[in-house]
Amino acid sequence: MIRRTTVREALESSPLGSPVTIPGWVRSNRASSGVAFLAVNDGSTFGNLQVVLDRSLFDEATIASASVGTCVEVAGTLVESSGAGQSREVKASGLRILGPCDQSYPLQPKRHGMEFLRTIPHLRPRTNTFSAVFRMRHRLAMSIHEFFDSRGFFYVHPPLVTSSDCEGAGETFQVTTLPLDGVPLKDGEVDYSRDFFRRRAYLTVSAQLEAEPLALALGGVYTFGPIFRAEPSDTRVHAAEFWMIEPEAAFMDLDDDIALIEAFVKHMAGTVRDRCGEEIEFLTKFVEPGLPGRYASLLDSGFARVTYTEAARILRDAGTGRAAPLEWGQKPSSEQERFLAEEVFARPVFVTDYPASFKPFYMRLNDDGRTVACTDLLAPGVGEIVGGSQREERRDVLESRASQQGLDPAIYGWYFDLRRWGSAPHSGFGLGFERMLMYLSGMKNIRDVLPFPRTFGSMA
RNA sequence: UCCCCGGUAGCUCAAUCGGCAGAGCGGGUGGCUGUUAACCACUAGGUUCGAGGUUCAAGUCCUCGCCGGGGAGCCA
C-alpha cells in the first residue's frame, strides 16, 4: 500500500515544509534548461499540483519520460510557490514512473471535440471537463441522500426486473433466458411458462408503482437507481440506461408535493454550487457561459406556478409571440414549454392540473372531472425536469380510469389492492438524474454526463 | 422513426468559381535560468469515410452505402 498525499490535501491542508509522496497523472510537462515543471492531477480535486524538478538533480531522460498521461509518483517537499499561477508547489527530490505513457496517448494538453472523446470513454475521465462532471455527479448523488434522509424519507430498492411495463412510460427491454433461435411455442404463441420467471419479464422503466406500496407502509420513501428504456429516441437528452429519483409519500397532496420538489431542487443546486466551485468555474468558462445564471434562477427566487388552463390562456394571449397558441386538451410542445419558462416567467415554473386525457391512469382525478392533480416543473433552457402527481387513492375511480386506458386488471391487481385495504392520499414525483446533472454542469449531451453511455444504436 | 447538417494529418480545423492538400496542437531533433494548455527553430506525418459516376481536371459536383452530430416526435 502506497502511503500517499492527495493533490487535494497538498493544495489545501498539508503543512508547508512537510515531506510528501504524491502519485498522479501528468497533465503537462514544461522543461527549460534549468528547471522542469510537471502539472500532476490525481482526480481528488479539480486543480493540478505543480511539481518543480531541478535539472541538476534529474537527468534529461527521466524528465522526458514523464510525458503527458504518464502515471508518476513524486516525492518531495511542499513549498510556497514563487510562480503566479498557484500558491503551493512540490519541490521534487524523487520521481518514479509508475505507468509509462508513450506518444500514442490520444489526449493532448489542448481542447478536444466531444465526439472524439466519446470514442474513448475509458480515457476521457482524465480530461478537465469529464473529471469535473463526474465529481459533480457524485456530489449531486450525495445531495439527494442528504435531502431525503434529513426529512425522514427512507431509501428503498425496488426491483430492476419487473412484470409490468408501467403504463406509457416507454418501451421496455424484455428479459429472457429463452433461446432466441428456438423459442418454445404453445398454441402458436411464445410459451413464457418455460421462461426463467415462468412469465414475461422486463427491465424497469419506472420504480413508481413499486414505490407506492412502500410509501403506504413506511410513510415517505425515495428510490434512486437505474432505469431502462428501449425507445428509439436518438436525441441529446435520451439514454437507454439512465438514473432516476422517484420519491413517494403518504399523506401528501399535490401542494405538499410541489413544495417538496422546490425544496429538493434548491437543495441539489445549492449543494453543488457550494461544493463544486472550481468545477462550475471551469465549466462556465469552457462549456456553458450561462451556468451562473442557471444557479441564480434556481436558488435566488421562488418558482412560479400556473395551471395548465392558465398556461393555455397565456399562450393564446401571447398570440403573435414566439410560441403557437395552445388549444385546451392538447399537449404543450417543447417550444411552448420553453416559452413559458424562459419568457413568460423567466424562472422555473410548475404547470399543474393537466387534462386527464393525456396523463396516466394513476394520477388523481380533480373534482372538475377533466383534469388531474399533477405537475411538471419547467426550467429555462431545458424544459421539463420533474414530473409528479397526487396518486388516485379511490379504488373505483382508479379502476375505471385503468380500464378506460385498456390496462389488464390481472397485472395491476396488487396495485388496486392498495386502494382496497387502508388506502391513503399520497403523492410523488420523478426526476431524471442525468437531466439535472446536464442542467447543473452545462453539458449539452446526456452521453457526456454518463461514464459509459448506452443510447439507441450505440454502446461505445 | 422522420427531417437537416457533417466526415480533410494522431487531435482541432482551413482549402475562393471544380485547378499543385495547408496551419496550429501532438510526435521527433535541437535551443532556452521559474514555466502556467510555456516559448523559439527545424523536421516527419495524407487511400481527403467507402464504392461508383460526371469532367481535360473532383476534398469540392451527382448516386448509393457507412459513420457521426443537430432538430422533431416521445419522454426523464
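Computed from a prediction, not measured in an experiment: that's the story for all the values here.
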So, the side chain of [X] versus the backbone of [Y]: is there a donor-acceptor pair under 3.5 Å, distance only?
{"X": "A/Arg88", "Y": "A/Ser14", "result": "yes"}
{"X": "A/Arg347", "Y": "A/Gly302", "result": "yes"}
{"X": "A/Thr235", "Y": "A/Val237", "result": "yes"}
{"X": "A/Glu212", "Y": "A/Leu209", "result": "no"}
{"X": "A/Arg294", "Y": "A/Leu440", "result": "no"}

Sorted by first residue and then second, give each salt bridge (Lys or Arg N to Asp or Glu O under 4.0 Å) pair with at least one member in [range]; sequence neighbours left out.
{"range": "residues 45-59 of chain A", "value": "A/Arg55-A/Glu60"}
{"range": "residues 373-387 of chain A", "value": "A/Lys359-A/Asp376"}
{"range": "residues 27-51 of chain A", "value": "A/Arg4-A/Asp42"}
{"range": "residues 235-245 of chain A", "value": "none"}

Does [N] have a Watson-Crick or wobble partner in any strand here, with both distances under 3.5 angstrom, and which is it?
{"N": "B/G22", "answer": "B/C13"}
{"N": "B/C61", "answer": "B/G53"}
{"N": "B/U8", "answer": "none"}
{"N": "B/C2", "answer": "B/G71"}
{"N": "B/C39", "answer": "B/G31"}

When rounded to the nearest Å, what value does the distance between [atom1] atoms of [N] and [M] take?
{"N": "B/G7", "M": "B/G65", "atom1": "C1'", "result": "14 Å"}
{"N": "B/G6", "M": "B/A21", "atom1": "P", "result": "23 Å"}
{"N": "B/A38", "M": "B/G24", "atom1": "C1'", "result": "15 Å"}
{"N": "B/U12", "M": "B/G71", "atom1": "C1'", "result": "25 Å"}
{"N": "B/G30", "M": "B/A44", "atom1": "C1'", "result": "15 Å"}
{"N": "B/G10", "M": "B/U48", "atom1": "P", "result": "12 Å"}
{"N": "B/C17", "M": "B/A23", "atom1": "P", "result": "22 Å"}
{"N": "B/C56", "M": "B/G50", "atom1": "P", "result": "24 Å"}

Assign [X] to base, sugar-phosphate, or nothing according to its heavy-atom contacts below 4.0 angstrom with the strands shown.
{"X": "A/Ile446", "result": "base"}
{"X": "A/Pro106", "result": "nothing"}
{"X": "A/Ala36", "result": "nothing"}
{"X": "A/Phe242", "result": "base"}

Contacts under 3.5 Å, N or O only, protein and nucleotides 4-7 of chain B:
none

Practice task
Could you check which residues of residues 59-69 of chain A get a heavy atom under 4.0 Å from RNA chain B? Sort them by number, please.
Solution key: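 Those residues: none at all.
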
Problem - Along RNA chain B (nearest heavy atom to each residue), the more 5'-positioned of A/Val237 and A/Ser104 - result: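 Here A/Ser104 is the residue nearer the 5' end.
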
Exercise for the section: Between A/Arg55 and A/Pro332, name the one whose nearest nucleotide on RNA chain B is closer to the 5' end. Expected result: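 Its nearest nucleotide lies further toward 5', so the answer is A/Arg55.
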
If I take atom [atom1] in residue [X] and atom [atom2] in nucleotide [N], what distance separates them, rounded to the nearest angstrom?
{"X": "A/Arg229", "N": "B/C75", "atom1": "CZ", "atom2": "P", "answer": "10 Å"}
{"X": "A/Leu117", "N": "B/G10", "atom1": "CG", "atom2": "P", "answer": "17 Å"}
{"X": "A/Gln336", "N": "B/C74", "atom1": "CD", "atom2": "P", "answer": "11 Å"}
{"X": "A/Phe116", "N": "B/G26", "atom1": "CZ", "atom2": "P", "answer": "15 Å"}
{"X": "A/Leu123", "N": "B/C11", "atom1": "CG", "atom2": "P", "answer": "14 Å"}

Problem - Distance flag, aromatic centroids of A/Phe148 and A/Phe264, threshold under 6.0 Å - result: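 Ring centres of A/Phe148 and A/Phe264 closer than 6.0 Å.
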
Practice task
Please check if the distance between the ring centroids of A/Tyr202 and A/Phe173 is under 6.0 Å.
Solution key: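 No, the ring centres sit 6.0 Å or more apart.
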
Fill in the blank from the handout: Letter by letter from the 5' end, nucleotides 33-49 of chain B scores (B base, S sugar-phosphate only, - none; protein heavy atoms under 4.0 Å) SBBBBB-----------

If you restrict it to nitrogen or oxygen atoms, what contacts under 3.5 Å exist between nucleotides 66-70 of chain B and the protein, and what is each distance?
residue: B/G68; atom: O2'; partner: A/Glu115; partner atom: OE1; Å: 2.9
residue: B/G69; atom: OP1; partner: A/Arg118; partner atom: NH1; Å: 3.3
residue: B/G70; atom: OP1; partner: A/Asn445; partner atom: ND2; Å: 2.7
residue: B/G70; atom: OP2; partner: A/Asn445; partner atom: ND2; Å: 3.3

Exercise for the section: Would you mind listing every ring pair (Phe, Tyr, Trp, His ring centres under 6.0 Å) that reaches into residues 275-294 of chain A, with sequence neighbours excluded? Expected result: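 Passing the test, one end in residues 275-294 of chain A: A/Phe46-A/Phe282, A/Phe282-A/Phe286.
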
For a quick test of your reading: what N or O donor-acceptor pairs under 3.5 Å do the side chains of residues 103-110 of chain A make, sequence neighbours left out?
residue: A/Ser104; atom: OG; partner: A/Asp102; partner atom: OD1; Å: 2.4

Problem - Contacts of type side chain to side chain donor-acceptor pair (under 3.5 Å), residue A/Thr371, not counting sequence neighbours - result: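 For A/Thr371, the residues satisfying side chain to side chain donor-acceptor pair (under 3.5 Å) (neighbours in sequence not counted) are A/Asn366, A/Asp368.
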
Problem - Test side chain to side chain donor-acceptor pair (under 3.5 Å) applied to A/Glu337 - qualifying residues, sequence neighbours left out - result: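 A/Glu337 satisfies side chain to side chain donor-acceptor pair (under 3.5 Å) with no residue once adjacent residues are dropped.
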
Exercise for the section: Evaluate side chain to side chain contact (heavy atoms under 4.5 Å, CB included) for A/Arg151 paired with A/Tyr222, printing each intermediate quantity in order. Expected result: CA-CA 11 Å; A/Arg151 287 177 177 242; A/Tyr222 70 104; over 6 Å; no

Handout entry: Assigned glycosidic conformation for B/C39 [threshold 90° from 0]
Key =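 B/C39: anti glycosidic orientation.
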
